[in-house]
Amino acid sequence: MVATPLTVRIPDASVLTGIPKHVLEKSFMQPDKRPRGIPAPPPHVRIGRAIHILVAELPGWVASLAGEAQPSSVPAAPRRGRPTKAEQIARRQRGEG
């Protein structure tokens, strides 16, 4: 009889899910500092500074990522400051002057 662990660390979770280790590590960043395209972290427990990911919750979390992959139809908020050269060229091509 083989014992199945209740929690795994990030490298083992990466192997189980097929998601790169660096993506899982970045998912634990604060939401306002998390890079675009990085999902919210999987269900986990912190023991001290160590992160233990719950094995039983991993399949549901991976399934929920498929729904997040859809691009948002919300237009991007206008940026403050001077436009980049790419934005200037795009405006010129659209005829916005």
Side-chain angles (χ1 to χ4, degrees):
M1 184 173 184
V2 177
T4 304
L6 297 176
T7 63
V8 293
R9 299 294 300 269
I10 291 176
D12 298 327
S14 174
V15 171
L16 289 173
T17 60
I19 296 173
K21 181 181 142 192
H22 72 276
V23 172
L24 286 175
E25 289 171 344
K26 288 181 182 181
S27 72
F28 288 97
M29 294 173 74
Q30 294 177 355
D32 57 330
K33 296 184 179 184
R34 190 177 305 139
R36 200 176 314 163
I38 301 294
H44 63 283
V45 176
R46 286 187 184 260
I47 301 174
R49 292 182 65 185
I51 298 171
H52 295 268
I53 300 170
L54 304 173
V55 173
E57 305 292 326
L58 272 178
W61 178 75
V62 172
S64 72
L65 294 180
E68 291 181 14
Q70 304 298 327
S72 176
S73 62
V74 178
R79 293 177 40 191
R80 295 178 59 185
R82 296 180 62 185
T84 63
K85 289 295 180 185
E87 291 170 338
Q88 290 175 355
I89 293 169
R91 283 185 191 163
R92 198 174 307 130
Q93 290 175 347
R94 287 191 306 250
E96 294 180 10

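In this text, all values refer to a predicted model and were calculated from it rather than measured experimentally.
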Could you pull out all residues at least two apart from [X] that satisfy side-chain contact (heavy atoms from CB on, under 4.5 Å)?
X	value
Pro20	His22, Val23
Arg46	Phe28, His44, Ile51
Ala90	Arg94
Pro5	Val8

For Glu87, all residues meeting salt bridge (Lys or Arg N to Asp or Glu O under 4.0 Å), sequence neighbours excluded:
Arg79

For Val45, which fellow cluster members are found when Ile, Leu, Val, Met, Phe, Trp and Tyr are connected by side-chain heavy-atom distances below 4.5 angstrom, either directly or through intermediates?
Ile47, Leu54

Inter-residue atom distance Ile19.CD1 - Ile10.CD1, 0.5 Å rounding
12.0 Å

Could you pull out the closest heavy-atom pair between [X] and [Y], with the gap in Å?
X	Y	result
Pro35	Met29	CD-SD, 3.7 Å
Ile53	Ala13	CD1-CB, 3.6 Å
Arg34	Pro39	CD-O, 3.5 Å

